[in-house]
Amino acid sequence: MEVIKKGTTIQSLQIGMGILDTIAEQNSPLKFSDIQDLTQITKSNLYKYLNTFIQLGILYRNKDTGEYVLGSKLIEYGMAAVDQENVIDRISPFLLEINKKSSSTVLFSSWTQNGPMIVKDINNNRGINIGAQIGTFLPIRSAAGKVFLTFMDEHTIHEWKAKEFMQIPQEMARQLEDECRLIREKEIAFAREPLISSVSSVAIPVLNYQKKLLGSVIVVGFSEFIPVNENNELSQYLIQISKEISGSFGYR
């Protein structure tokens, strides 16, 4: 996790970004007086910021109404970010960090028509085979399966959910539904030996700026080394790094 040292950032740029955040959050055109009320920046300084943003194309000012909206340059930046967004490439450094921290196999799963599938694995100890390889589909009772059950939209997972629930006892299905509420709150899921005896997993969601699930990071290992609740030190680390990973995709 990168720590930015105090005194190594540009305060004026932070203020400028704060103005843009304010305009974006209102989701409607704003007059100068509206922006000043929301930001509490002096008129003279605010004029300078707004005029600079207009010159750069970051903001647009309607000449008839005097209202400000986000400009075309931000749209260009956003489109460029989407076009270049490669989830696996972006999260790989985080996976390596988690692998080093946990000393366990780290996986990344993404959604397919047949359910969540492992698309990336990091295991520096290749002598240990946990039975989870790229291309493996994960059941709903796995830690990653619980993440997808919790955060994926109902329409997308409807068929997978129905199929998976047919293969488990009704009581277990009800327990999973109840567990989802806690997973949504804590943003971490646990599974005790769901597939292989003595092998357990813990998973965290990767969300984007629209709060949509991009995938799940999973730590898999022998049960004695895998936490079973959020109070564990490794769990707290995973919750924190989950926020950092999702933050890189604009999630707040």
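In what follows, residues are counted from 1 in the order of the sequence shown.
Within the 4.5 Å cutoff, the side chain of Ile122 has heavy atoms near those of the Lys120 side chain. Put simply, the side chain of Ile91 reaches to within 4.5 Å of the side chain of Phe108, judged on heavy atoms.
By the 6.0 Å and 45° rule, Lys101 stacks over the aromatic ring of Tyr237.
Asp89 and Ser92 share no donor-acceptor pair across their side chains, judged by distance under 3.5 Å alone.
The number of heavy atoms from other shown groups lying within 6.0 Å of CD (Gln26) is above 12. Within 6.0 Å of atom CD in Glu233, 12 or fewer heavy atoms from other residues, nucleotides or ligands are found, so the atom counts as exposed in its surroundings. Other residues, nucleotides and ligands contribute more than 12 heavy atoms inside 6.0 Å of the CD atom of Glu154. With a 6.0 Å radius and a threshold of 12 heavy atoms from other residues, nucleotides or ligands, Gln170 has its CD atom at or below the threshold. In Glu25, the CD atom is crowded: over 12 heavy atoms of neighbouring residues, nucleotides or ligands sit closer than 6.0 Å.
Under a 3.5 Å cut-off, the side chain of Ser142 and the backbone N or O of Pro139 do form a donor-acceptor pair.
The pair Asp21-Arg252 meets the salt-bridge criterion, since a charged nitrogen lies less than 4.0 angstrom from a carboxylate oxygen.
Separation of the Tyr68 and Phe53 ring centroids does not fall under the 6.0 Å cut-off.
In terms of heavy-atom proximity, Ile226 sits nearest to Arg192 at O-NH1, 3.6 Å.
For Glu179, the salt bridge (charged side-chain N to carboxylate O under 4.0 Å, His left out) partners two or more places apart in sequence, or in a different chain, are Lys146. Every side chain to side chain donor-acceptor pair (under 3.5 Å) that Lys161 has, sequence neighbours left out, goes to Glu177. For Arg181, the salt bridge (charged side-chain N to carboxylate O under 4.0 Å, His left out) test picks out Asp178, with sequence neighbours left out.
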